[in-house]
Every structure is written in structure tokens, then in C-alpha cells.
Amino acid sequence: MPPSIEQLKREALAALAAVQSPPALEAFEHRYLGRKGKISAALRSVGQLAEADRQRVGAAANALRQELIAAVEEKREELAPDGAAPRDDVTVPGLPPRRGSLHPLTLFMRTMEDIWRSMGFSFHQGPDLETDWYNFSGLNIPPHHPARDIQDTFYLKGHPKHVLRTHISTVQLRAAERQSPPFRVVEFGRVYRHEATDASHEAAYFECEGLAVDRHVRVTDLIGTLTTFLETLFDRKLQIRVRPHYYPFVEPGMDLDMACFFCGGQGCGICGQAGWLEMMGSGMIHPKVLRHMKLDPATWSGFAWGMGVDRLAMFYYRYADIRLAHSGDLRFLEQFN
Amino acid sequence: MQLPLSWIRDYVKPKQSVEKLAELLTLTGTEVERVEKRVAKFSGVVVGEVQTVIKHPAADRLKVTKVIVKEKQAEPLTIVCGAPNVRPGMAVPVALPGATLANGQTLEAATIRGVESQGMLCAPDELGLGDDHAGILALGPGVKLGTPLEQALALNDTIIHLELTLNRSDCFSVQGIAREIAAVTKTPFKPHVVKLTEKGRPAKGTLNIRIKHRAICSRYVGRLVRNVKVGPSPQWLVNRLEAAGVRPLNNVVDVTNYVMLCLGQPIHAFDARQVKGHSVVVRWARKGEKLQLLDGSTQALTTTIPVIADSEKPLAVAAIMGGEHSGVTEKTTTVIIESATFDPVVIRKASQQLRVRTEASHRHEKEPDPAMVEAAADYAAQLLAELAGGEVAKGRIEAGKAPPAPRAIPFKLADAAALLGVPVAERRARELLTRLGCTVKTGKSQWAVTPPSWRNDLRIPEDLTEEIGRLTGYNTFPKTLLAGPRTPSVLPSSLALERLVRDRLASAGFHEALTYPWYGQHQRAAFGLNGPHLELLKPLSQDQQYLRQSHVPRLTEAVVKNLPRNDELRLFELGSIFVPDGKVLREDRVLAVVALAPEAYRELRGVLETLAAAGGIELKQIIGEHDTSFLAGATRVATITPFSAPQARRHKIRSKHPYAALELSLTGLGQHWIEQTDFRPFSNYPAVQRDVAFWLPAGTAYGPIHEALTSLDPLLTTLELFDVFTKADRRSYAVRLTFQADDRTLTADEVEAVLGRVHTILADHGAELRL
């Protein structure tokens, strides 16, 4: 180290050692490390040195500069009185990270999807615009069958063979085209009914339908599987009853009811004083439909079920107007996430 | 359907309470919606008869009546009354002193304008029977004087409201429900017995019936009833009809409704005077024929409409509604009764074509029990004789053939047990099926089960299995799980992509919304959606006419709705759009994202770019007049529309932030998507960062510079535009450049060399370095 730099170092370190307060430290920094400080001056003077010394002295000056910067930082910490600096106010509320949300129906359908997957059901996705065959005839609802009445259908101008699917039972025929039994399939999707909307009726809503086909599928499997699903979904033992019902594409056909969540079965406005809430329609796939699936009813049997997602979500999340799902109101959309 | 329990009890007398009965019915498939227990809202009111009516001596509007409340009452009651309809001979409700009326008022004898009134004649509203106050309630004939009114009106009855399934045509009647109750409660059923007395000349020779077109009607039975006196029905019949929700009209019409409700077979009555030649023909309508129906409408008939005609003209639309001209009026004396089996599909089509639905047509559509045709005609004739003084002409006039008896269903008990999953004892199965009216011929492995005529829904073995299942009670079944093999459930790639997209957007601060999949001309015009749209035949309203091709119009409405509570808004929706593509109806899964934010366009573009990058997709930008679109390969997959401030205002968005919309076809994106699963090595050598800032004249695009720099040199690995601002007519851009090599630490000279080329490119694009 050239003598002048060496000297500068001793002087600087001595001066730093004498520093006892933050303002003094600031003055020290200014005097030695500032733009017009002694180190800068030393570095500027390197240019005037002989060629042979320049690099050596320059490097030494730079090294000293680094050393002093480190020493100043150390001194600064030394001078900082423990805990005396005002702490940040830790009582202020957090800054929430920007976050979006998934639609309550999306969340609800995912919950259901996960349960069906865990029970070995795979997924299918069919079109919303369906032909008469998939929506009606193939499901044992021939033209002019009175059952076409209860499903108020949207027809299209200029496309007489198509309808907006009125139910997602279409999956029974469509899924069977993709695979051979045994299989377990479920589909979630939108369905459409020509119906005036109110707090409990929608014209476009979601349904979930599934089916299981195997060699010896029984009514008891249907009841057991659907009960297990509902009890997993609601995470508790449920009071469930099975009620015979008619659907053209199943035989026998039945509805599953759950004791009303709201009144515990006592009867209230939501369950129409019945004490029971209808959860889903179901049944053993009709032999005609099995044949339309190109399966021999003598060998194969199966059950199918369908449920309205929007309605079930109302019970799950406990809101009273089905139209909230389509409201686009963030106060609804953001909840449940 | 609603039926009074008292009527059902004519045929079956179950021991259960009505609540228990309702539950039993519901759990065996005949759903009881509710049980309505009717209770009279009054007391102390009895049946009386008005003897004389004179004007009140001291009041123009009042009358003084003499009323008896028992046979041969020596001293009639004097009652002051103001109702306009009171007349001698009228049967009326009389509230005696001490009676309580529906409003809770207790009646006392009172002197009205100097005349002492010993009671009160009641209007319906005073008895809590609706809100009619126009006149005194006129009771029908056949009520005994002095009978408590609640008894005379059968008010203390229980009404069962049923939600029936349409396969069970047999249940749409009192007798059918009684039979079902008998089956589920194991109580004897008492079938209806007609007690008919015929009188006078036979119908044959007077009445002719011909089925000209067999496709319409397989069997037609007619009866002729002479000397009918049309008038009000007796009170008991009125009570039953009202309890069943049917409005009484006159004794002839009421009888037809009563028989239909009772036996399930629709009945029609013609005024024989209006039936030319007393000749009834079942045929298709002829082109140009017209018919005024009982509801007052005039229908232009076509050859697809089945009619009942006389020798000249149509009298009625078969099975649906009678014609005005041949309908029963006060002047009718001779009635032709029709009871027939019509083809359900013919009736259904005609009913749809005419848009006329009646209690009769909906029963005919479901094929009522063909074995009831004669009984219903006879019962109607019997009632006309009993209630309207008619004389039933001897003999039925019949055309067509009774349908063949139901066929036996081959039935294997083992199959039924296998489908149900529970053992079924032979004896029990036989007993259950027999209880339902089936004839069971047992065999070794297979039975022959013949359903009764009224159960046309029993056709295949599974139908019988259901009967055994439902009568056994599904709730007694054990719960089992599927036994067969299970394959892993994997989300199909299209659904996996939708899940990924939703998750990414939600975690990036966007809120998922759901909007209706249709809009109207207004939205199409406002958003320039000019291409051909699929149109609904009967939309719910004018602004729900077209199936959507964009989510943006409805999402924009959602933005406007949320605006009062939010400064910035970020929404997205993922769903189908519908595009007519010649004969093909295309459905695409589309993601739409809208942003109302300081950097709306760049946020949306960032969403698009990172999504594409996740699938290893390179996008190419095509700049349009109003929007900018992006290609993946040769397919246009996305469009971003930045709305100008005036445009946004036109959509009612009042905000200081710009508004923009991104539409991305997931169907298109999915086709180019490559699942990124392979590890990509990264450099372990230090990276060097340099910032450059420069000015561009306003109106000069930055994109080409970015593009040129991106492909400039492999050592220039990333490029981040981190600051943009405008000053006067210039815009400043600050870009952070990262330099890095895979195999070595870069020297200052290497970085400087590339940086020199960066400066050259900037200069070439007219950029001025900002120092």
C-alpha cells in the first residue's frame, strides 16, 4: 500500500473510532467517502501518478473505500440505540394481497367433482345444443310423449332438429358411445328450461348427472352410492328417504329426499311444510335406453341420477334466491372463496 | 289434482290417520303435496228456505222475508235482508241469534228500521267462503232444512292435494286413488257399481254412431237421455266438485265432470237437438271447417284435427272440447252422452296444434282405462236420471271394438331380486302383484303376470320389479356400494384446461361471474355483434332472443352493476358460445375477461400471454381497427378490445379508468396446448441487468421495438417494460434488460456489445435515449 493511502487509512480509522453519535458519523462519511471527500480526492489524484504506480495505488484506494464503507455500516449499527428507534406500528391491519374469486357454483361443483372422482367416476362434457335423439327419443321420450310437456323446451329458429338440452341425462347416451362397460361417468353442465324465472326457478342452470353400468348393478347400490355422496358432501350423517318417481328413462325410478336443513324436518317455508327437500332424481337405466346405448339389458344394468346444481348450492350455502348465481354481483361472487 | 277424502272413502276406508296415509302414498310413489283440513269459519248457521219476500215498509232497499228452518214450521222467522237475489223458494244459509260469522261477529236479534229481524241470511263472504258479497249464497236442491250449514256444504272435509306422475293415468280419478290406497294400506277396495234404470223408447233407431276414421278412436259408446231438466246441481255434488277444484255450472255439465273425476273416463254431453239426425260421426276435420268452442274461441280446423260431427258439421273437437252450438243450455231436454277411447297421440297433437288443454284432453293423452268406457257412460246416464229427472233410453249405442285385453308379461323373480338387490319371497311377490290387480300365473322359473286394464304403465318385467320394490319400500333396503372394478378417474384435458384457467385468473385478482347465455338486438347492436346468430323460437323476452356469441355484453352489464361499490373491476366468465356454421351448430368454450383498471389493456394482454406461455403457445398479433387479435398457428384464438372513453360511456361505464375486454377461445387454445412437464435447465451463472429508457414520438408503436429486441441475441434473455409515461408529445419507455449465458459468466465487454446493438435498434426505430 502506498504510504499516502496507508496514512489515509490510519487517519480515517482513528477518526471513525472517535465517532460517538450519528451526526458525527454523517460528518465522517461526508469527509472521507463523499463526492468531494478524501478517498475520492485520492482516487482522482491517481491519474497524476507515474504509469507504473497508477494501478497499484488505484486498487489500494478502492480497497480502502470498500473497507471504510463496511466499517461505517458497522459503526452505524453500533450507534443505533437498541429499540430506541420508533418501531413500525404493528397494530395497523394487514394489506390484503389482490385476490380474485371463483364463482360459488364453480366451487360447489368442484367439491362435488372431487367426491365423484374419489368414488371412481370419470368426467364427460357434452354439447348444450342437442339433437332430439339425445335429449328425448333416445331416452325413451318419443315424439308426442306427455313427458315432453314437463320439460319446457327451447327450440331454435331454422334448426328444427336441435334443442337446448333440457336435462343432462343426455350423458347416458353420449358417455356410452365413448366407452364400453363397466364404466362410471358423471357430467356437469348447463341445461335450459323455457320457464319464467323467480327466486326458485331459473331458465338456464346447471345439472349434474351420472351413471354407473356394470354386470350386476342394483337398486341398493344406487341408494348406497347416492347416500354416501350426499353425506360426504354435507359432511355429516343425513336423514335420507327414497321415494318412487317416474322418469321415462329409468325403471324403477326414484327421488332422493333429505330432511330439510332449515327446519330439521319440522316443516318450514323452504321445504313447503313437507320437512323434506328433494335432492335428486334417479333410477335404474331403462332397458330401452340400455339398448340405445348398444348394451344388452340381459347382461348389463346400471343406475343413473341427476340433480340441479343451483338448487343444491342454495341449500349448501344457505341463500334463498336462485338468481343470485347470475346476478354478477361481487358481494355474492366473492363469498365462499 | 285435489280430491276430498270423504269422496275417496266411498270406495276405500283406510284405518290410518290422514297424515299417515299421506306419508304412505308419498313413499309408494303417489306424492301427496299437502293435506288441507277444511274447517267452517262460522257456527250456528243452518239451512233455511225463503217463503215470502216483501218490501221493507220503511226502507227502499231492504226486504222483509219469512224463512223456515225446519219442515212445516208453523211460525216462520222474520228476517230483514238487503240482498237483491233473495226470492221465495230459495234455499239459504240462516244465521240464528247466537251464531258466529267468519269475521268473528256474534249475531243477535235486532230491530232494523222498526222491523224485528230474527236472524240473518248470509252472503258467501260472511261465511268465509270467498269474497263474494253480491247476494245471498244460494244452496242447491236436496239439502235438508235445519241442517247445520257446515254439514250441508261438507265444509269440515280433508282435501288431499296430489302431485301425480304422468305414467299413472289410473290415478287421475277418485276410484284410481282409492284403489292405490287400498293397495298400499291392504284395505279392501269397493269398486263402483252403476245402478241404472232405463225407460222409454230404446236409443237404437234414434241415435246413430259411426267411427269414420279408426286412427282417432277405437271405441265410442253413446247414451241417450230424454226429458232432462237443466238446472243447478244438488248441493252434495256442488260440494264435491268444488272440493276437487272444479267450478260447478249446471247439473248436466256437472255430471260429466263428476263422472270423469270419479272414474277417470272423460264424458261429453251434447244437446241432441243440435245433432243433425241424431247422428254422431268421428272423423278428421275437413279443410275450411270452423268450430266455435265452449270457451268462446273460434278454431279454424285442419285435416289433422279429430272431430265429433253430425251428418253436416263438426260438433266438438274430439276428446278436447265441445262446440258452443251443441253444448248443453237451459233449453236442452235430450242429451247425448259420449264416452270413448281416443288415440292418445292424435289427441295430444291436436291439443298442441289448437293450444287448447282441458281436464279431458290431458286424461285422454294418458290413455284412461278402456274398461271404464261403458261404466262411465252408464254412470253419467244414471246421475242425469237421478239429478235432472232424465229418462235413460234403453241400450247403449256402440261403435268400434274394445281394445284387446292386456298382454301377460313374462316375469322372472330372480331377475327382479337381482335388480333390486334384495331377496324377494315368492309368496310375497305374488301377493303384492295380486293386490295391485294383476293376474299372476306362477311357473317354475318364469311367471306370466297380466296387469289389470287400468295399469297401462305395466309393460315390461322391470315395471313389475318396480311395483314390488315400491310396495316393499325402498327405505327398508340396505345401502350397498358398487362392487365392480374401478378405473382411475382423470379429468379430460378440456376440463383440466378450464380448471387451470379459472384458477389462474382467480389468483390473479379476477372474479368469476356467470351471466345468461342469451341477449337481444340491443346488445348485438351496441357491441357490433353483426354475424349470424342462433335465434330462439320462443324467447323468454326480447332481450333473450339470440344465443350469445360473446360474453362481453352481459359481463359489461355486471361491471356497470358493481361500479357504485368499486373503483377498479376485474371479472371473467368461462362458458359456451353458439355459432351457426352453415348446417353445423358450433359450440366453443370461451373465456372472457373484462378489466376496468388503470392499465386495463396491458393487464388483459398479460393474462393472455401468460396463459399462452403456460401451454407453450406463441401468439402472433394482428392489429384491427377497433380491436387486436392473436393467432396461435393459423387460428385466431383471442381478441382484446380496448374501449375508448366515449365507447365506455355509451355502455354506461363512468370511471376514470379505461375499460377493455379479452375473449379467448379455449377450444382453440386447447388445440395448440402442450402440457409442459419436461424439466427445462436454467443457467447457474450470474445475470447482468441494465435499464434503458428512451423517448418515442406519440403515435409511434413500441411493439416492433420489443419484438426486435426479444429476438436480438441469445444473451439478452429477458426484457421487461417497467415504466411508461407521456410528456407533451413524447412517450417515455423504460425497459429492464437481463443478460445471461448458460455456460459462463458474461464479461462487461460482451454485455456492452449487445447493449450497443440495442441502442442501434432503438435509433433505427426513431427512439431517443433518455439519459
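The model shown is predicted, which means the values in this text are computed figures rather than measured ones. The chains referred to below are lettered A, B, ... by the order of the sequence lines, with proteins before strands, and numbering in each begins at 1.
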With chain A as the partner, which of [options] has the greatest number of non-hydrogen pairs under 4.5 Å?
{"options": "B/D503, B/I460, B/V32", "value": "B/D503"}
{"options": "B/A506, B/S541, B/A22, B/G421", "value": "B/A506"}
{"options": "B/T465, B/T26, B/L555, B/L534", "value": "B/T26"}
{"options": "B/R565, B/Q352, B/R470", "value": "B/R565"}
{"options": "B/L585, B/T165, B/V345", "value": "B/L585"}
{"options": "B/E467, B/R554, B/K349", "value": "B/K349"}

Checking [X] against chain A: side chain, backbone, both or neither under 4.5 Å from a heavy atom?
{"X": "B/R168", "answer": "neither"}
{"X": "B/R570", "answer": "side chain"}
{"X": "B/K538", "answer": "both"}
{"X": "B/Q544", "answer": "neither"}
{"X": "B/P478", "answer": "both"}
{"X": "B/E31", "answer": "side chain"}
{"X": "B/D415", "answer": "neither"}
{"X": "B/L574", "answer": "neither"}
{"X": "B/L547", "answer": "side chain"}
{"X": "B/P461", "answer": "neither"}
{"X": "B/N562", "answer": "side chain"}
{"X": "B/R504", "answer": "neither"}

Which atoms of [X] approach chain B - backbone, side chain, both or neither, heavy atom under 4.5 Å:
{"X": "A/F206", "answer": "side chain"}
{"X": "A/E195", "answer": "backbone"}
{"X": "A/H245", "answer": "both"}
{"X": "A/P182", "answer": "side chain"}
{"X": "A/H286", "answer": "side chain"}
{"X": "A/L164", "answer": "side chain"}
{"X": "A/S301", "answer": "side chain"}
{"X": "A/R184", "answer": "side chain"}
{"X": "A/Y192", "answer": "side chain"}
{"X": "A/F303", "answer": "side chain"}
{"X": "A/A274", "answer": "neither"}
{"X": "A/E251", "answer": "both"}
{"X": "A/S327", "answer": "both"}
{"X": "A/D214", "answer": "side chain"}

Quick check on the interface: out of [options], who has the most heavy-atom pairs with chain B under 4.5 Å?
{"options": "A/T106, A/T228, A/N337, A/L226", "result": "A/T106"}
{"options": "A/T220, A/D221, A/I223", "result": "A/T220"}
{"options": "A/R215, A/H159, A/K288", "result": "A/H159"}
{"options": "A/A196, A/A298, A/S118", "result": "A/S118"}
{"options": "A/M284, A/H124, A/H326, A/H216", "result": "A/H326"}
{"options": "A/G158, A/G224, A/A203, A/P244", "result": "A/P244"}

For this session: Determine, for A/Y134 and A/R174, whether the Lys NZ or Arg CZ falls below 6.0 Å from the six-membered ring centre while staying within 45 degrees of the axis.
Result: yes

Taking 4.0 angstrom as the limit, do [X] and [Y] come out as a salt bridge?
{"X": "A/R241", "Y": "B/E23", "answer": "no"}
{"X": "A/R331", "Y": "A/E334", "answer": "no"}
{"X": "A/K161", "Y": "A/D132", "answer": "no"}
{"X": "A/E187", "Y": "A/R178", "answer": "no"}
{"X": "A/R190", "Y": "A/E202", "answer": "no"}
{"X": "A/K157", "Y": "B/E535", "answer": "yes"}
{"X": "B/R499", "Y": "A/E113", "answer": "yes"}

According to the interplanar angle, ranging from 0 to 90°, do the rings of [X] and [Y] count as parallel (below 30°), tilted (30 to 60°) or perpendicular (above 60°)?
{"X": "B/W518", "Y": "B/Y516", "result": "parallel"}
{"X": "A/W116", "Y": "A/F229", "result": "parallel"}
{"X": "A/H145", "Y": "A/Y246", "result": "parallel"}

Problem set entry | Heavy-atom check, side chain of A/F123 versus side chain of B/P492, under 4.5 Å | yes

Exercise. So do B/L537 and A/L156 actually touch side chain to side chain, heavy atoms under 4.5 Å?
Worked result: no

Exercise. Does B/D343 use its side chain to pair, donor to acceptor, with the backbone of B/V346 at less than 3.5 Å?
Worked result: yes

Can a donor-acceptor pair be found between the side chains of [X] and [Y] at a distance below 3.5 Å?
{"X": "B/S494", "Y": "A/Q125", "result": "yes"}
{"X": "B/R589", "Y": "B/S576", "result": "yes"}
{"X": "B/E512", "Y": "A/H103", "result": "no"}

Exercise. Is the count of non-hydrogen atoms from other residues, nucleotides or ligands lying under 6.0 Å from A/R98 atom CZ greater than 12?
Worked result: yes

Seminar exercise, completed: In this structure, CD of B/E462 is separated from CD1 of B/I409 (nearest 0.5 Å) by 10.0 Å

